[in-house]
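Note: hydrogens, waters and symmetry copies are ignored here, and every other heavy atom, side chains too, is used. Each chain gets a letter, A, B and so on, in the order its sequence line appears, and its residues count up from 1.
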2 protein chains.
Amino acid sequence: MHQKKEIINKLRSSNLRPTKQRILIAKKLFDRKETFHFTAETLNKVVNRKGQTRISLATIYNTVEAFKKAGHIREILTNNSKSYYDTNIKSHHHFYDPQTKKLTDIDYQEVILKKIPNPPKGKKIKDLEIVISLQKK
Amino acid sequence: MHQKKEIINKLRSSNLRPTKQRILIAKKLFDRKETFHFTAETLNKVVNRKGQTRISLATIYNTVEAFKKAGHIREILTNNSKSYYDTNIKSHHHFYDPQTKKLTDIDYQEVILKKIPNPPKGKKIKDLEIVISLQKK
DNA sequence: AATCCAGTTTATAATTATTCTAAACTGGAA
DNA sequence: TTCCAGTTTAGAATAATTATAAACTGGATT
Ligand SMILES: [Mn+2]
Ligand SMILES: [Mn+2]
Ligand SMILES: [Zn+2]
Ligand SMILES: [Zn+2]
């Protein structure tokens with residue numbers, strides 16, 4: 001699905017020089033069927049599996065920030081002390097399970113908002129995020 | 001509105017010994033007209049204004065956690081690195097302004113949800129929070 | 001009222017997540 | 001091939017929070 005060339009184009013078009021570190025990270029992030037909800041820590045683990053060319057944690061952070069700024073990933077709201085990111089950049093919502101600290105996508109159309117408030121004057125709505133926290137039944 | 005006796009009862013009924021630190025913090029939190037959205041840092045500033053009996057930052061954190069566990073305050077979702085708390089424990093939502101890092105209440109009835117997804121099996125919904133981030137118009 | 005102790009407070013250290021720094025490296029334009 | 005702005009990196013620094021352990025105190029018991 002995501003060939004190396006596509007990844008390189010994606011990086012180039014966002015003014016990100018396609019270094020071997022960024023290409024590897026992009027592969028790990030985008031070359032998968034399901035959307036990926038991750039923290040710097042989990043991404044670091046995935047990227048730095050045995051054997052693979054080692055990428056520093058600083059680069060993990062730098063790249064996550066760069067991809068976020070470029071709009072390739074988005075940050076998600078949680079109450080966890082770590083920052084969570086999402087490879088699904090379409091507008092959608094999340095279940096959050098505080099037990100497992102795992103996020104699950106909720107498709108945009110699975111929530112229908114009948115009424116939302118007007119933003120304060122001088123401001124407009126940038127984003128509306130819904131987080132549904134779960135507990136054991 | 002919140003007399004000292006009420007505060008002491010509130011603490012007692014949650015199995016929190018009404019120490020002078022907790023009583024002072026509770027006053028600062030609950031003896032106000034508007035709901036209060038705060039971080040450990042802002043609460044510390046409010047509590048430790050000139051003159052007042054000094055309360056350690058550790059106690060600020062301990063008390064916030066105790067009040068949260070007792071259900072007197074709730075934690076709010078934001079992407080900020082600090083934890084945000086709310087004296088309004090009724091179910092409601094928020095505007096978040098990333099510029100000012102300020103939260104504003106949205107009354108529960110100002111949002112009407114026409115459809116929400118079913119939770120995964122074995123789980124039930126503990127809470128549904130909506131955060132509307134703002135930007136300059 | 002004096003005693004007592006579990007619960008609480010506190011200063012300080014430790015931990016955790018993240019950002020900063022500055023030196024070495026490299027993609028790719030020229 | 002040269003060159004340099006952009007990038008990577010190890011390690012230091014920062015920031016928020018939590019842990020530790022000694023001192024203190026609310027209030028029950030005597
Ligand atoms: Mn968060
Ligand atoms: Mn938060
Ligand atoms: Zn998602
Ligand atoms: Zn609120």
- Between atom OH in Tyr84(B) and atom C1' in dT17(D), what is the gap in whole Å? 15 Å
- Message: Within the structure provided, determine whether Val111(A) and Ile130(A) are in side-chain contact (heavy-atom separation under 4.5 Å).
- Response: yes
- Query: Between Glu41(A) (CD) and dT15(C) (C1'), how many Å, whole number?
  - Reply: 13 Å
- Within 45° cone and under 6.0 Å: Arg32(B) NZ/CZ vs Phe36(B) ring: yes
- Could you give the CG-to-C1' distance, from Leu11(A) to dT8(D), as a whole number of Å? 15 Å
- Task: Please state whether the phosphate of dA17(C), meaning OP1 or OP2, lies under 4.0 angstrom from any side-chain nitrogen or oxygen of Ser81(B).
- Result: no
- Task: Would you mind telling me which of dT7(D), dT17(D), dT9(D) lies closest to the side-chain atoms of Leu57(B)?
- Result: dT17(D)
- Starting at the 5' end of DNA chain D, which residue's closest nucleotide do you reach first, Ala58(B) or Ile8(B)? Ala58(B)
- Message: As a test of reading the structure: which of dG27(D), dA10(D), dG27(C) is closest to the side chain of Pro18(A), going by heavy atoms?
- Response: dG27(C)
- Message: Counting only side-chain heavy atoms from C-beta out, which of dT8(C), dT8(D), dG28(C) sits nearest to Thr63(A)?
- Response: dT8(D)
- For residues His72(B) and Ser14(B), is any side-chain donor paired with an opposing acceptor at under 3.5 Å? yes
- Task: Round to the nearest Å and state the distance from Leu16(A) atom CG to dT7(D) atom P.
- Result: 7 Å
- Query: Given atom CD1 of Ile60(B) and atom C1' of dA11(C), what is their separation to the nearest angstrom?
  - Reply: 15 Å
- Query: Among side-chain atoms of His93(A) and Asp105(A), is any donor-acceptor pair under 3.5 angstrom?
  - Reply: no
- Query: Within the pair Tyr61(A) and dT19(C), is there a side-chain N or O less than 4.0 Å away from OP1 or OP2?
  - Reply: no
- Using a distance-only test with no angle check, is there a side-chain donor-acceptor pair under 3.5 angstrom linking Asp86(A) and His92(A)? yes
- Query: Of all the nucleotides listed (dT10(C), dA16(D), dA10(D)), which has the minimum atom distance to the side chain of Lys82(B)?
  - Reply: dA16(D)
- Message: Given dT10(C), dT8(D), dA17(C), identify the nucleotide with an atom nearest to the side chain of Thr59(A).
- Response: dT8(D)
- Query: Mapping Arg12(B) and Ala40(B) onto DNA chain D by nearest heavy atom, which one lands closer to the 5' end?
  - Reply: Ala40(B)
- Query: Mapping Ile55(B) and Lys20(A) to their closest nucleotides on DNA chain C, which lands nearer the 5' end?
  - Reply: Ile55(B)
- Query: Under 4.0 Å: is that the gap between some side-chain N or O of Arg22(A) and OP1 or OP2 of dT8(D)?
  - Reply: yes
- With respect to the side chain of Gln21(B), which nucleotide from dT10(C), dA10(D), dT18(C) is positioned closest? dT10(C)
- Query: Among dT9(C), dT9(D), dT26(C), which nucleotide sits nearest the side chain of Arg17(A)?
  - Reply: dT26(C)
- Query: Does Glu110(A) come within less than 4.0 Å of Lys115(B), counting only side-chain N to carboxylate O?
  - Reply: no
- Regarding the side chain of Thr19(B), the nearest nucleotide among dC20(C), dG26(D), dT10(C) is dG26(D)
- Message: How many whole angstroms separate atom CG of Asn79(B) from atom C1' of dT18(C)?
- Response: 14 Å
- Item | Candidate nucleotides dT9(D), dG27(D), dT19(C), ranked by approach to the side chain of Asn62(A) - the nearest | dT9(D)
